[in-house]
Amino acid sequence: MNVIDIQKLTKSFGSTRALRGINLTVRQGEVHGFIGPNGAGKSTTIRILLGILRKTSGQITLLDGDPWKDAVRLHRRLAYVPGDVTLWPDLSGGEIIDLLGRLHGGLDVSRKKQLLERFQLDPAKKSGTYSKGNRQKVALVAAFSCEAELYLLDEPTSGLDPLMEAVFQECVAEIKKAGKTVLLSSHILSEVEALCDRVSIIRQGQIVESGTISQLRHLTRSTVNVETGTAAIGLGKLYGVYDMSRKGLKYSFSVDSDAMTKVMEMLLPLEIKSLTVEPPSLEELFMRHYGDGIGEKGGTAK
Amino acid sequence: MRISDFSGTGTLIRLILRRDRYLLPLWILLPVILALIVAVTFTAMADKGMQSVLAEFDKDPLVSAVLGPVMSFDLSGAIVWRGTSQMALVLGIGSLLTVIRHTRRDEETGRSELIRAYAVGPYANLTAALLLAVILNLSSGVLIALSNIALGGAAAGSFLLGGTMSVVGCFFAGIGALGVQLRENSGTARGFGVAVIGLGIVMMVLNNLGGGYTLLRWVTPMAWQRVTKPFAGNHGWSLIHFSVFAAIPVAIAYVLSARRDLGAGVLLARPGLSEAAPSLSSPLALAWRLHKRSFIGWLAGTVLYIVVFSAFSPGLSKSGGISGWLSGLGGTDWIDEAGLGYVFISIGIYLASLFAAAYVITAVLRLKKEENEGRAEMLVDKQVGRIRWMSSHLIIAALCSAALLTAAGIAGGLSYGLAAGDLCNGFWRIFAMNVTKIPPVWILLGITALLYGLWPRITALSWVVWASFCMLELVWEAQLIDWPLMRISPFSYAHYTIDITNLPLPPLLGLICLSAILTGIGLIGFRNRDISIKA
């Protein structure tokens, strides 16, 4: 069952087309990573899901309703953390958490206390004195103290220190264990890799890739380091092989996943002395999709 | 509209009550205090009987041109006659700012986004802010009524007066609600609201100039008491008309708010420049860039105000008569000879200078906003000293306030000169009246700068000082204090009772020196204190 189902969603601000036909599905119980460069449309999509921006066209189903028309009913079943939290400077953090909890329709007090402790947040301080990270914690504690089926997290950890980042990851893991669904927009790729079952990459208002991380890896190249007994003539000219460099009989190159078999067939008769194949790092994966100037398959093909 | 569209309104009202727990009582009590001050001053004047005092004022051509005819010749009538415009102004500003603060300001900062992600309906925020404004106005109205009854007023008239004031306040709350729909920033909403209030004041005075019962009184909130007539016939039914009138901007606001995205306005955001203009290269240039828009708004308002009054006032002189009230006040001889219209515009310019002083306070307090929101920090870490940063805003505040009065002098001078048919003489006199108000206005700049530099937490005190100077004028006009005490106010050194052709200049130079000293102390104070950021 899909918790979020978006088809051909577009959104224009005047003449600016922020979203140009987004297709995105988030299944129940999964942690879905939502990544993309700045200004790609992540926050716009999430705000449309929250019903605070109105879509220009397309279909959206959130839980079992329409995010614009059924906003209030749906919001009782979801929790949201924005990436840039502004608070009322004259209210204390504790007051704000309780207020948000009341607006949700109640929060779990013991869970709140536990979260305050884990995030090491002093709730008695006026929020005007909080640092960026502490303001972020206020929104995180409020959201995680609320009982919800779906958590919409829009760069929720910006400004958190690595210790708090770890606490955040624990919290998301707990939510997932409880069978809840999470849509996590983030720039921290290690966070995405650690937490997400599936990932969607958005660029210039369109989803350019969607799938599990291993599926996405499959779409891109691995790095091969090989040492052979005899010279591998013509290896660099094979279809799907890039960035060839050679030192004596040691070759280093990257290769498309679908060209791997051909490459191995060519190498086998040449007496392989050593061989390492590294899957693409998540960074490389994202660089390929984020980057504008990098060609279709990336790199400089030979 | 469904019930769920308003879900969360109750909690949001409690949030606003919590946030404004100090501010709300102030807005509620201020109009009551104003009514009491009027009561006290008139009681003090009325040793020869309230009726004769009011009758005397009513006959005075100058006074009734400004305040309109008296409707009821007793203490309650005095409060209605002298106090309603101030009460309407305070309730109007209070309602306007309260609504903007809890709607657009929250959207602008992103707090609404946080709130709306919870089970909060799209109309909840607007509804909470408006309900709160209604509570504010009703409480104030009831207190005005009760204090009037306590002073011996009839109950029906007292509640009608309170009710009229409440409806006026609610009208401006609606104007605030409408203003916040327009653009994505709260500055536009405030500008829109202040423009409507300003228009209301101008229309009120025009209505008074026309005898007090022109058709204008139906559409001028500051003159609605001339329709409802508390203590003078009690036309209570017209409150229903005005409630409907006040509901119009509210209704438009609801319709517009449903049609726009959260955080956006109905008018689309205009793109800015992709590169800075070459001139934007110093703290001073930045300060000008930041102050420009509000200055243009103030400039337009001031010029409009002065042109309208300058154009109308020569006509007053033709009606003849002299103001016994004014002659009795200043003890100066020129007023008897000068035409009534000439005195009228002198008072008008005096009032304009009080508004210019209010402008200068807002301009200096921009410093505090820049500091608290962390932008000062971004500049002071560059090759910009603290003194240079602070003085950039002060220079703009000084120049812009001077420019306001100079522009008013030119526009008013031309308008008056042409209307009076004596351009040369008229122009220079009106021009001089305006320009000589610059030194007292700068005193407020100095005081605000000093407070900001030394004790940034209590900069609100500059408003108290400003209000005290205004109050001093009122109390002096009521002849409760003598001229020497009035001299505490810097505005007395360019007072309208002093003939402009004979105005002594050394005190004005003294004021300029004093404001420079105050400013200097403020600058030194700022250099030596912590910069505080409250995000």
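To find a chain, count down the sequence lines: A is the first, B the second, and so on, and within it residues start at 1.
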Atom [atom1] of [X] with >12 non-hydrogen neighbours under 6.0 angstrom:
X         : atom1 : value
Arg259(B) : CZ    : no
Arg529(B) : CZ    : yes
Lys126(A) : NZ    : no
Lys8(A)   : NZ    : no

Which atoms of Arg47(A) come close to chain B, meaning under 4.5 Å heavy atom to heavy atom: side chain ones, backbone ones, both, or neither?
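Side chain only.
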
Counting only heavy atoms closer than 4.5 Å, note whether Ala142(A) contacts chain B via side chain, backbone, both or neither.
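When you check distances to chain B, atoms from both the backbone and side chain of Ala142(A) fall under 4.5 Å.
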
Going by heavy atoms in the side chains, are [X] and [Y] under 4.5 Å from each other?
X         : Y         : answer
Leu100(A) : Ile115(B) : yes
Leu91(A)  : Leu15(B)  : yes
Arg116(B) : Leu50(A)  : no
Lys11(A)  : Asp261(B) : yes

If you measure from [atom1] on [X] to [atom2] on [Y], what distance do you get to the nearest 0.5 Å?
X         : Y         : atom1 : atom2 : result
Glu113(B) : Asp84(A)  : CD    : CG    : 9.0 Å
His75(A)  : Tyr118(B) : NE2   : OH    : 11.0 Å
Thr86(A)  : Glu108(B) : OG1   : CD    : 10.5 Å
Trp88(A)  : Leu114(B) : CH2   : CG    : 6.0 Å

Keeping Arg54(A) on the side-chain end and Ala258(B) on the backbone end, is there a donor-acceptor pair under 3.5 Å?
yes

Do any of residues 6-13 of chain B have a heavy atom less than 4.5 Å from a heavy atom of chain A, and if so, which, in residue order?
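Heavy-atom contacts from residues 6-13 of chain B to chain A are Ser7(B), Gly8(B), Thr11(B), Leu12(B).
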
Identify the residues of residues 120-133 of chain B whose heavy atoms come closer than 4.5 Å to a heavy atom of chain A, ordered by number, or report 'none'.
Val120(B), Gly121(B), Pro122(B)

Is chain A contacted by the side chain of Arg2(B), its backbone, both, or neither, given a heavy-atom distance below 4.5 Å?
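The answer is the side chain of Arg2(B).
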
Does any pair with a residue in residues 140-159 of chain A pass ring pair (Phe, Tyr, Trp, His ring centres under 6.0 Å), and if so which ones, sequence neighbours excluded?
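Output for this query lists Phe144(A)-Tyr151(A).
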
Restricting to salt bridge (Lys or Arg N to Asp or Glu O under 4.0 Å), what partner residues turn up for Asp106(B), sequence neighbours left out?
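Testing Asp106(B) for salt bridge (Lys or Arg N to Asp or Glu O under 4.0 Å), a comparison that skips the adjacent residues, returns Arg19(B), Arg111(B).
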
